[in-house]
Amino acid sequence: QFNIIKYEDLKWDISLGQGSFTRIFKGYKTDIHKGEKQVTEVLLKELDVAHKNSWESFFEAASLMSQISHKHLLLVYGISVHGVKNIMVQEFVKYGALDLYLKRGRSVSVSWKLDVAKQLASALSFLEEKNIFHGNICAKNLLLAREGDPLQGSSPFIKLSDPGISVAMLGEDVILDRIPWVAPEVLEDPDNPTLECDKWSFGATVWEIFNNGNAPLRGWDLKLKRQFYEAFQQLPPSQWTELAELISQCMSYQPAFRPSCRSIIRQLNSLITSDYVILHATEPVTQ
Ligand SMILES: Nc1cnc(-c2cc(N)nc3[nH]ccc23)cn1
């Protein structure tokens with residue numbers, strides 16, 4: 001499914017923190033290309049030894065991402081196994097996770113945010129075409145490859161990261177903690193996720209982007225999060241009615257009511273041309 005990278009061809013640099021069940025590092029991989037030594041900057045994702053038994057799922061996520069290639073999907077170079085260590089080698093994306101980037105108070109324009117939403121929608125549409133379920137769409141898994149400069153009008157560029165360990169392998173508490181990104185039906189039946197589930201997550205991610213990286217239901221405990229679904233609640237709507245409409249369509253409790261990717265892209269295009277964008281060119285960052 002994907003190439004095995006020799007451990008000795010990898011070099012670890014600084015630690016960049018940890019995800020759920022993983023530790024991530026900046027690193028380098030060395031290849032011999034036409035007799036030339038070539039060093040590439042990479043992201044090394046080590047699976048925690050404690051979760052060793054879910055390494056298949058960890059690598060399954062990687063192989064899914066390496067079987068297909070799309071400009072807005074993260075490139076996975078391969079995997080490396082060294083003793084008890086399972087390592088996924090990914091392309092290094094310069095500006096890291098979008099949620100942290102937005103939280104750091106970068107004031108970005110409404111059209112910047114719509115651009116990112118559209119890029120995510122095109123990645124989603126590509127996955128839908130290939131009938132591939134992602135399962136972990138959220139701003140934390142959107143990596144910023146290019147900041148885009150409002151003055152020069154160059155737009156941002158994002159890459160959707162790998163889904164990590166599949167939702168079917170996660171404990172119920174981990175799934176509950178992913179409310180409101182995880183679709184309600186996944187809680188009922190985590191073993192049979194559908195493409196519609198990714199559309200729900202898309203809605204929650206767009207909500208996050210327009211709330212400057214602040215997580216929805218931040219700080220809610222698992223009981224409250226579960227009640228959010230049991231009471232069929234919705235996230236607080238944006239003042240921008242058309243945007244709120246798109247988010248609530250994606251986050252409809254009836255999977256069949258969620259819009260097709262084509263419809264999502266069409267609605268985003270009409271948002272991009274709406275006068276709201278011009279009026280709110282650079283919204284003051286409300287922290
Ligand atoms: N595939 C990936 C994933 N994360 C990064 C990354 C980049 C950065 N500048 N700071 C970071 N801090 C944490 C992660 C990260 C890069 N590439």
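Both counts, for ligands and for their atoms, begin at 1 and track the order of listing.
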Within the structure provided, determine whether Glu185 and Trp200 are in side-chain contact (heavy-atom separation under 4.5 Å).
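Heavy-atom side-chain distance check fails, nothing below 4.5 Å.
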
Between Leu16, Val93, Leu74, which one has a non-hydrogen atom sitting closest to atom 16 (C) of ligand 1?
Val93

Salt bridge present between Lys94 and Glu147 (N-O < 4.0 angstrom):
no

Would you mind checking if Asp99 and Lys103 are paired as a salt bridge, meaning a charged N to carboxylate O distance below 4.0 Å?
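Salt bridge: yes.
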
List the closest protein heavy-atom neighbour of [atom]: residue, atom name, distance to the nearest 0.1 Å.
atom: atom 1 (N) of ligand 1; result: Gln90 OE1, 3.0 Å
atom: atom 6 (C) of ligand 1; result: Gly96 CA, 3.6 Å
atom: atom 3 (C) of ligand 1; result: Leu43 CG, 3.5 Å

For Leu143, the atoms of ligand 1 under 4.0 Å from one of its heavy atoms are 1 (N), 2 (C), 3 (C), 4 (N)

With heavy-atom distances below 4.0 Å as the criterion, list the atoms of ligand 1 near Glu91.
1 (N), 2 (C), 17 (N)

Run the side chain to side chain donor-acceptor pair (under 3.5 Å) check on Asn211 and Asn214 step by step: do they pass?
CA-CA 6 Å; Asn211 278 271; Asn214 293 314; 5.9 Å; no

side-chain hydrogen bond (donor to acceptor under 3.5 Å, both in side chains): which pairs involve residues 57-69, sequence neighbours left out?
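Non-adjacent pairs meeting side-chain hydrogen bond (donor to acceptor under 3.5 Å, both in side chains): zero.
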
By ring pair (Phe, Tyr, Trp, His ring centres under 6.0 Å), which residues pair with Trp207, not counting sequence neighbours?
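Scan of Trp207 (ring pair (Phe, Tyr, Trp, His ring centres under 6.0 Å), adjacent residues dropped) gives none.
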
Geometric N/O contact Lys94 with ligand 1, under 3.5 angstrom
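It does: an N or O of Lys94 is found under 3.5 Å from an N or O of ligand 1.
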
